[in-house]
Amino acid sequence: MNLTKQFFKYVSQNIFGLLGTSCYILADTYFISQAAGTDGVTLLNLCLPIYNFIFAIGSMIGLGAATRYAILRAQGEERAAQRYFSNAVFCACLLAVPFVLVGIFCPGTLLRLMGGDAGIVALGIPYARIFLLFTPFFMCNYIVSAFVRNDGAPSLAMVATLSGSLFNVVFDYIFMFPMGLGLAGAALATAVSPMLSIAICSRHFFQKDNTVQFVRQLPSAKLLGQSCQLGISGFVGEMSSGVTTTVFNFLLLGLAGNVAVAAYGVVANFALVATAIFNGVAQGAQPLVSRCYGHSDRAGARKLLILGSCTALALAAVLYAVVFGMTDTLVGWFNSENSAQMARFAHNGMRLYFVGYFFAGFNIVAAGYLSAINRPVEASVTSICRGVAAIVVCSLVMSALFGMNGVWAAFPASELLTALLTLFLLLRPKPQP
């Protein structure tokens, strides 16, 4: 199979898998909006940054360790490569402990820190407690699927992710309504789905063509650091949604209160789907780029970057056409109370915010490429710019100048600035060690 065909095989399967993951959050939002109205959507939007942080840690460890594994295997260093999988699992479980403790002892305090008032906190404690208790499975799901994909089984990784997502959608409804568990039922369905994904992915480890081995060893801070070095773009890519959501939540609360946050909840949930599409391109291409890099095939790696960038631009055009043509329909799915104010806020937000994906798609693909060719500093710079620095500055400045429309427009402005920086980093020669 030539490189172009491999690219589209890996990318398409990874997009479908990550779309499944993001769509189960959409399902959560839909069912919660039916059960608890605007307050339910507001609660979920306050919880999204917590999800993002958990996913970001899992993504950083999993993608970084799997990238190190792919590069070392391509260079013929099998023994060194094997240590990364076991270390990633051990370290993820250790890093999950603080989240589990917060879930047990003080989920309400966390919700208050995220901006929830007394009513939202009371509504959200059971929901937050349950999903925090299952943090180890969310993190390990990223690790297992990344290694399975890097070991030549992207189809199985896709099937596992889609199966977990389908379970979540179906059992969201079953737990919340027929069984009467309410928001706790939504959290329980979300929490169990990564366990199913891990179980399906684990089939790969019993196949004859499996090369990933679990090594009995103590957790290594050195291996974790080496993994995180290449996984930082994945971390910031996931965290960017969390940072954006947190900053926007506080700005919107000040501008128009809970209704504005609920409107942003609609925008943010569809943004998760959009981001998943572009993460699918970046993560799908990563094993192939790392393999080319390990074999010193610079032309092949560069071809994959061009394919990824063109694919991202085409997908952004399709995505915006859908959003622009169906804005009111998409907003209406989550407006069970038929709030005219929320509909108006969300309508403007969707059409302004999603312009940013014409630049964000390229930025995500480029950051993944830089990590895959072992340029972690540049990958980190572009990821931190888009995920933290640019979005915070643009949102503060533009909200002060243009109010709510400035909040929505901050995302495309920050992504444009990041795209210019990313082009500069890509075009300059690789720094010598």
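Predicted model only: the values in this text are computed from it and were never measured. Numbers for residues simply follow the sequence, beginning at 1.
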Practice task
Tell me, with the steps shown, if Leu370 and Val381 meet side-chain contact (heavy atoms from CB on, under 4.5 Å).
Solution key: CA-CA 10 Å; Leu370 289 167; Val381 168; over 6 Å; no
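- Gln286 and Thr67 share a donor-acceptor pair across their side chains, judged by distance under 3.5 Å alone.
- Residues Phe362 and Leu426 form a side-chain contact, since some pair of their non-hydrogen atoms from C-beta on lies under 4.5 Å apart.
- With contacts defined as side-chain heavy-atom distances shorter than 4.5 Å, the pair Ile364/Val281 does not qualify.
- Classified by interplanar angle (parallel below 30°, tilted 30° to 60°, perpendicular above 60°), the ring pair Trp333/Phe270 is tilted.
- In this structure, the side chains of Phe206 and Asn210 stay at 4.5 Å or more apart for every pair of heavy atoms.
- You'll find the ring centres of Phe171 and Phe31 outside the 6.0 Å limit.
- Ring geometry for Tyr357 against Phe278 counts as parallel: the plane angle stays under 30°, on a 0 to 90° scale with 60° as the upper cut.
- The CG atom of Leu420 sits 11.5 Å away from atom CD of Glu415, with the distance rounded to the nearest 0.5 Å.
- Shown here are the side chain to side chain contact (heavy atoms under 4.5 Å, CB included) partners of Asp297, two or more places apart in sequence or in another chain: Cys292, Ala299.
- The environment of CZ in Phe167 is crowded: more than 12 heavy-atom neighbours from other residues, nucleotides or ligands sit within 6.0 Å.
- Annotation: the span from Phe205 atom CZ to Phe147 atom CZ amounts to 8.5 Å, rounded to 0.5 Å.
- Using a 4.5 Å cut-off on side-chain heavy atoms (C-beta onward), Cys385 and Leu417 make no contact.
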Practice task
Would you please test Thr190 and Ile130 for side-chain contact (heavy atoms from CB on, under 4.5 Å) and show each step?
Solution key: CA-CA 9 Å; Thr190 300; Ile130 290 172; over 6 Å; no
Exercise for the section: Just do the side-chain contact (heavy atoms from CB on, under 4.5 Å) check on Leu132 and Leu110 with the steps written out, would you? Expected result: CA-CA 11 Å; Leu132 287 168; Leu110 182 60; 4.0 Å; yes
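- Checking side-chain atoms of Ser197 against main-chain N and O of Ala160 turns up a donor-acceptor pair under 3.5 Å.
- Annotation: side chain of Arg302 is in contact with side chain of Tyr369 (closest heavy-atom distance under 4.5 Å).
- No side-chain N or O of Lys9 forms a donor-acceptor pair with one of Ser155 less than 3.5 Å apart.
- Across every non-hydrogen atom of Ile71 and Ser290, the tightest pair is CG1-CB, 3.9 Å.
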Practice task
Could you walk me through whether Ile61 and Tyr142 pass side-chain contact (heavy atoms from CB on, under 4.5 Å), step by step?
Solution key: CA-CA 8 Å; Ile61 298 173; Tyr142 263 95; over 6 Å; no
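- Atom OH in Tyr127 sits 4.5 Å away from atom CD1 in Ile32 (nearest 0.5 Å).
- Atom CG of residue Asp172 and atom CZ of residue Phe177 lie 8.5 Å apart, to the nearest 0.5 angstrom.
- Thr275 contributes no side-chain N or O that, together with a main-chain N or O of Leu272, makes up a donor-acceptor pair within less than 3.5 Å.
- Two residues are said to be in side-chain contact when any heavy atoms from C-beta on lie closer than 4.5 Å; Val273 and Asn269 fail this criterion.
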What side-chain donor-acceptor pairs closer than 3.5 Å can you find for residues 307-322, not counting sequence neighbours?
| unit_1 | atom_1 | unit_2 | atom_2 | d |
| --- | --- | --- | --- | --- |
| Ser309 | OG | Leu305 | O | 2.9 |
| Thr311 | OG1 | Leu307 | O | 2.7 |
| Tyr320 | OH | Arg351 | O | 2.8 |

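- Note on residues 84-96: pairs passing side chain to side chain donor-acceptor pair (under 3.5 Å), not counting sequence neighbours, are Tyr84-Gln226.
- When all heavy atoms are compared, the tightest approach of Ile54 to Met139 is O-CG, 3.8 Å.
- Within 6.0 Å of the CZ atom in Arg203, the count of heavy atoms belonging to other residues, nucleotides or ligands does not exceed 12.
- A perpendicular orientation is assigned to the rings of Trp408 and Phe248, their planes being inclined by more than 60° (bins at 30° and 60°).
- A donor and an acceptor atom, one from each side chain of Tyr69 and Thr211, are located under 3.5 Å apart.
- In this structure, CG in Asn150 is found 8.5 Å from CZ in Arg291, a value given to the nearest 0.5 Å.
- One N or O on the side chain of Arg129 and one on the backbone of Gly103 form a donor-acceptor pair closer than 3.5 Å.
- In this structure, Leu95 and Pro98 approach most closely via the heavy-atom pair O-CD, 3.2 Å.
- The distance from the OG1 atom of Thr382 to the CG atom of Leu423 is 9.5 Å, given to the nearest 0.5 Å.
- Residues Ala366 and Thr422 share a closest heavy-atom pair of CB-CG2, 3.3 Å.
- Taking all atoms of both residues into account, the shortest heavy-atom contact from Thr135 to Ala96 is CG2-CB, 3.7 Å.
- Proximity of Leu252 to Val407: side-chain heavy atoms (C-beta onward) are separated by under 4.5 Å at one or more points.
- Using bins of under 30°, 30° to 60° and over 60° for the plane-to-plane angle, the ring pair Phe53/Phe235 lands in the perpendicular bin.
- Counting only heavy atoms from C-beta outward, the side chains of Leu43 and Leu111 approach each other to under 4.5 Å.
- Results of the side-chain contact (heavy atoms from CB on, under 4.5 Å) test with Arg149 over Leu63, Leu156, Thr161, Val144 single out Leu63 as the only residue that passes.
- Nearest heavy atoms, Ser395 versus Val392: OG-O, 3.0 Å.
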